[in-house]
Protein chains: 2
Amino acid sequence: MGNKGEALKQRIVTAADNLFYLHGYDNTSFSDIADAVGISRGNFYYHFKCKDEILNAVIDTRVASYRAMLRDWDKSITDPRLRLYFYIDMQLRNQDNILSHGCPIGSLCTELAKVSDSSLHDANKMLAVFRDWLITQLKLLGVKKNAKQISMHLLARGQGIATVTNAFADKKFLQLEVKGLKQWLDDEILKSIH
Amino acid sequence: MGNKGEALKQRIVTAADNLFYLHGYDNTSFSDIADAVGISRGNFYYHFKCKDEILNAVIDTRVASYRAMLRDWDKSITDPRLRLYFYIDMQLRNQDNILSHGCPIGSLCTELAKVSDSSLHDANKMLAVFRDWLITQLKLLGVKKNAKQISMHLLARGQGIATVTNAFADKKFLQLEVKGLKQWLDDEILKSIH
DNA sequence: GTCTATATCGAGATAGAC
DNA sequence: GTCTATCTCGATATAGAC
């Protein structure tokens, strides 16, 4: 419960978060995390009782951090439509990372779906944060019936862009698709609010 | 070079292919493959000198098998437009597997992008097979300028659908998106051939 | 709380009998 | 060609000193 211990725990989670993104969950060892943080391997087990617990901490931390980010957007951007653009442009801002490592959320979901008990974690919580926020923004714009469907579609488009951009290492493709996605959204909003 | 040896080699690759899809490359051990085939672990090294070589064999086998499948489609379906529908509907036909394990191509690309040297393999060869075939079909329909762009878009849409369907275990979403994708394709072809 | 040392396990890979 | 036995390594996890 001491301050120093809590701070270290957070540093472990932050380092694990980053390494899980760069190399995947399974390919990240305690040694890797320990080296990144600058502590010894044995120290982990004071803060976490197994590797799965670090995974869950990473997921929870990400969920909290995404929520905080979206709250910031809500504060700094008043027009919901501009918020949606800003969401879509996130891939443009992160294009270099996506090119090399894909989407941090999607790639983790994809990996964890293959491993062990899916009951021990729920990586899709991270996607759900964005889905729910998107629904809210669309409803603010007057979209009533299709808000959820459009939101899911936006998630999927983002995932597809990330996967293909990463697989082909094609940054131009990402840029083109992001542009097209914003146009699609405009059309869709127009149609949905008649 | 004997017939029996070659047959076994192919059986190893087939079993590895399936297990890589179900559990991922890294999470599949030689023991897993050996058990599935019904041979001993040591026997692998007569046919492959390391695990990476099995991976490459799996990728090459898939590329060949996808090419053969598309040749069959070309034979049995004469209208390129119907071929494209049949391509998109592939996700519908495979929806149960996608729900549980994602796209066999996309999930492998995503995993391998995180691991080791990307120079040792090129998983995107599998995607390229479909991309090139899609381009051909579109050109047959009279699409000149945007054939590659539309093809890449179709790949990405498919990847996005698979990732999100898998993450949320939402089969209805897949069905809805497949339907929407066919409609999008119709519009796009109309626009591209004016 | 953080460390060092160690236990245990399963992985990829090798040697050599048959 | 296929097997059994074994090597080596690195992983998660534990015990106990400080």
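Nucleotide dT4(D) holds its P atom 18 Å from the OH atom of Y46(B), rounded to whole Å. Between F44(B) atom CZ and dC3(D) atom P the separation is 10 Å, expressed in whole Å. One atom, NZ of K49(B), and another, C1' of dA13(C), lie 13 Å apart when rounded to the nearest Å. Protein atom CD1 of I33(B) is 11 Å distant from nucleotide atom P of dA13(C), rounded to whole Å. A straight line from OH of Y45(B) to P of dT14(C) spans 7 Å, rounded to a whole angstrom. Atom CZ of F48(A) is separated from atom P of dT14(D) by 15 Å (rounded to the nearest Å). Between the CG atom of L55(B) and the P atom of dA13(C) there is a distance of 12 Å, given to the nearest Å. What separates NE2 of H47(A) from C1' of dT2(C) is a distance of 8 Å, to the nearest Å.
Judged as a side-chain contact (heavy atoms from CB on, under 4.5 Å), and not counting sequence neighbours, the contacts of K182(A) are Y85(A), I88(A), D89(A), V178(A). Partners of D79(A) by side-chain contact (heavy atoms from CB on, under 4.5 Å), not counting sequence neighbours, listed by chain and number: R81(A), L82(A), L141(A). Shown here are the side-chain contact (heavy atoms from CB on, under 4.5 Å) partners of Q149(B), two or more places apart in sequence or in another chain: L176(A), N146(B).
Note that the CZ atom of F44(A) and the CG atom of L8(A) stand 8.5 Å from one another [nearest 0.5 Å].
Rotation axes derived from the C1' atoms of the five outermost pairs at either end of the helix from dG1(C)-dC18(D) to dC18(C)-dG1(D) lie 0° apart, to the nearest 10°.
Comparing dT12(D), dG12(C), dT2(C) by their closest approach to the side chain of L8(A) singles out dT2(C).
In this structure, R62(A) contributes its side chain and A123(A) its backbone to no donor-acceptor pair below 3.5 Å. Under a 3.5 Å cut-off, the side chain of N94(B) and the backbone N or O of Q91(B) do not form any donor-acceptor pair.
Sorted by first and then second residue, the pairs that involve residues 119-137 of chain A and meet salt bridge (charged side-chain N to carboxylate O under 4.0 Å, His left out), not counting sequence neighbours, are D60(A)-K125(A), D122(A)-K125(A).
The stretch residues 34-43 of chain A comes close to DNA chain C through I39(A), S40(A), G42(A), N43(A), each having a heavy atom under 4.0 Å from the strand.
Aromatic ring centres of Y45(A) and F30(A) lie closer together than 6.0 Å.
Hydrophobic clustering, with ILVMFWY side chains joined whenever heavy atoms are under 4.5 angstrom apart, groups I12(B) together with V63(B).
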